[in-house]
Amino acid sequence: MNGVHDMGGAQGFGPVQPEVHEPVFHAAWERRALALTLAMGATGQWNIDMSRSRRESLPPADYLNCS
Amino acid sequence: MDKSPKPTPQQAPAHDHSHSHLEDMDIRVRALQSLLTRKGYIEPAALDRIIETYETGVGPHNGARVVAKAWADADFKAWLLRDATAAIASMGYSGRQGEHMVAVENTAEIHNMVVCTLCSCYPWPVLGLPPVWYKSAAYRAKAVMDPRGVLADFGVSLPSETRFRVWDSTAEVRYLVLPMRPDNTSGLSEHQLSELVTRDAMIGTGLAKAAA
């Protein structure tokens, strides 16, 4: 799919901004969301292709606002 | 008994927008967890175990041991460059998001950098979860266009004659950069060597630290 996620070579996003001493998670819900995603992967009801398809179907402005 | 009429939508209190987006996300994720638990898909205790694994068990310290071993043991290095999946698995690091590993060696002539232009593919068993910058639009866009500029964003420069090779990760294949071994490290143990290996050096956005 050719969408906003296909970013290789795009210009105008500015410099890369590394975060010093970055924590693994930035908010408590991130821990739980990761665990839910992985646990549901183990059930076979949810896989990486479904996950990517949903992410890449987000409205472009929403996609660009996610970290 | 309260006989007052129910408020019409117009009379209902205005939706409170004072709570933050983070609180919204927290509530949504908790609701999802309750739903999936009630439906029998997940157990909360298993979630705690997954969180613990990715917060403390898996991380760049794993990859650093792989690199240090490759620096210290020529046979292991040859194996790593030939079949990274097997060589890395022999140290106990395997599994999700690391099923097909490729190791790429930095030399004085070639500097390797790893990106996932389409999303956030990253070798979890050896590096843990990706940092935010790895998933950012800026990195994904710029790495394939201007890797030398990306290195500069990290405060690193290489001689102008060094060539760059950028690897775009896929859902299946994940890359580990084998950084150049720093000078004056011949007397160091594998453990001491591993302490010179940074996460960024294994992505190619940094170099290994100089020996103290």
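Chain letters run A, B, ... following the sequence lines, proteins first and then strands; every chain starts at 1.
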Trainee: Can you say whether B:Ala137 sits under 4.5 Å from chain A via the side chain, the backbone, both, or neither, judging by heavy atoms?
Mentor: both

Trainee: Give, for atom CG of B:Leu36 and atom CE of A:Met40, the distance between the pair rounded to the nearest 0.5 Å.
Mentor: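 Rounded to the nearest 0.5 Å, the CG-CE separation comes to 5.0 Å.
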
Trainee: Give, for atom CZ of B:Arg30 and atom CH2 of A:Trp29, the distance between the pair rounded to the nearest 0.5 Å.
Mentor: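 Rounded to the nearest 0.5 Å, the CZ-CH2 separation comes to 13.0 Å.
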
Trainee: Under 4.5 Å from any heavy atom of chain A, what part of B:Gln97 do you find: side chain, backbone, both or neither?
Mentor: side chain

Trainee: Within the structure provided, determine whether B:Ser120 and A:Arg52 are in side-chain contact (heavy-atom separation under 4.5 Å).
Mentor: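 They are not in side-chain contact.
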
Trainee: In terms of heavy-atom pairs under 4.5 Å with chain B, which of A:Val4, A:Leu36, A:Thr43 leads?
Mentor: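 Winner by heavy-atom pair count: A:Leu36.
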
Trainee: Side chain, backbone, both or neither: which part of B:Arg96 has a heavy atom under 4.5 Å from chain A?
Mentor: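 The answer is the side chain of B:Arg96.
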
Trainee: To check you understand the geometry: which heavy-atom pair defines the closest contact between A:Pro15 and B:Ala138, and what is its length?
Mentor: O-CB, 3.5 Å

Trainee: I'd like to check A:His5 versus B:Cys119 (side-chain heavy atoms, cut-off strictly below 4.5 Å). Are they in contact?
Mentor: no

Trainee: Does B:Glu190 have more than 12 heavy atoms from other residues, nucleotides or ligands lying within 6.0 Å of its CD?
Mentor: yes

Trainee: Name the region of B:Val144, side chain, backbone, both or neither, that has any atom closer than 4.5 Å to a heavy atom of chain A.
Mentor: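 Just its side chain gets close to chain A.
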
Trainee: If every non-hydrogen atom of B:Ala141 is compared with every non-hydrogen atom of A:Ala10, which pair is closest and at what distance?
Mentor: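 Taking B:Ala141 first and A:Ala10 second, the nearest heavy atoms are CB-O, 3.1 Å.
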
Trainee: With rounding to the nearest 0.5 angstrom, report the OH to CZ distance, B:Tyr139 to A:Phe13.
Mentor: 15.5 Å

Trainee: By a 4.5 Å heavy-atom criterion (distance strictly below it), what part of A:Glu30 contacts chain B: side chain, backbone, both, or neither?
Mentor: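 Looking at A:Glu30, nothing touches chain B.
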
Trainee: How far apart are the closest heavy atoms of B:Trp133 and A:Pro18, and which atoms are they?
Mentor: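 Looking at all heavy atoms of both residues, the shortest contact is CD1-CA, 3.7 Å.
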
Trainee: Got a second to check how far A:Arg32's CZ is from B:Met25's CE, nearest 0.5 Å?
Mentor: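 The CE atom of B:Met25 is 12.5 Å from CZ of A:Arg32, to the nearest 0.5 Å.
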
Trainee: Quick one: closest heavy-atom pair of B:Glu55 and A:Val24, and the distance?
Mentor: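 Taking B:Glu55 first and A:Val24 second, the nearest heavy atoms are O-CG2, 4.1 Å.
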
Trainee: Mind checking whether A:Leu34 and B:Ile51 have side chains closer than 4.5 Å, heavy atoms only?
Mentor: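 They are not in contact (no side-chain heavy atoms under 4.5 Å apart), so the answer is no.
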
Trainee: Most heavy-atom pairs under 4.5 angstrom with chain A, which of B:Asp153, B:Thr205, B:Ile50?
Mentor: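 Highest number of heavy-atom pairs under 4.5 Å: B:Asp153.
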
Trainee: Under 4.5 Å heavy-atom distance to chain A, tell me which part of B:Tyr134 shows up: side chain, backbone, both or neither.
Mentor: neither

Trainee: Within a 6.0 Å radius of atom CZ on B:Arg163, are there more than 12 heavy atoms belonging to other residues, nucleotides or ligands?
Mentor: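 Open: at most 12 neighbouring heavy atoms sit under 6.0 Å from CZ of B:Arg163.
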
Trainee: Between CG of B:Leu118 and CE of A:Met7, what distance do you get to the nearest 0.5 Å?
Mentor: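 Here the rounded value is 10.0 Å.
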
Trainee: How about A:Gln11: does its CD atom have over 12 heavy atoms from other parts shown lying under 6.0 Å from it?
Mentor: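 No, the 6.0 Å shell around CD holds no more than 12 heavy atoms from other groups.
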
Trainee: Does CG in B:Asn184 sit with more than 12 non-hydrogen atoms of other residues, nucleotides or ligands closer than 6.0 Å?
Mentor: no

Trainee: Which atoms of A:Gln17 come close to chain B, meaning under 4.5 Å heavy atom to heavy atom: side chain ones, backbone ones, both, or neither?
Mentor: backbone

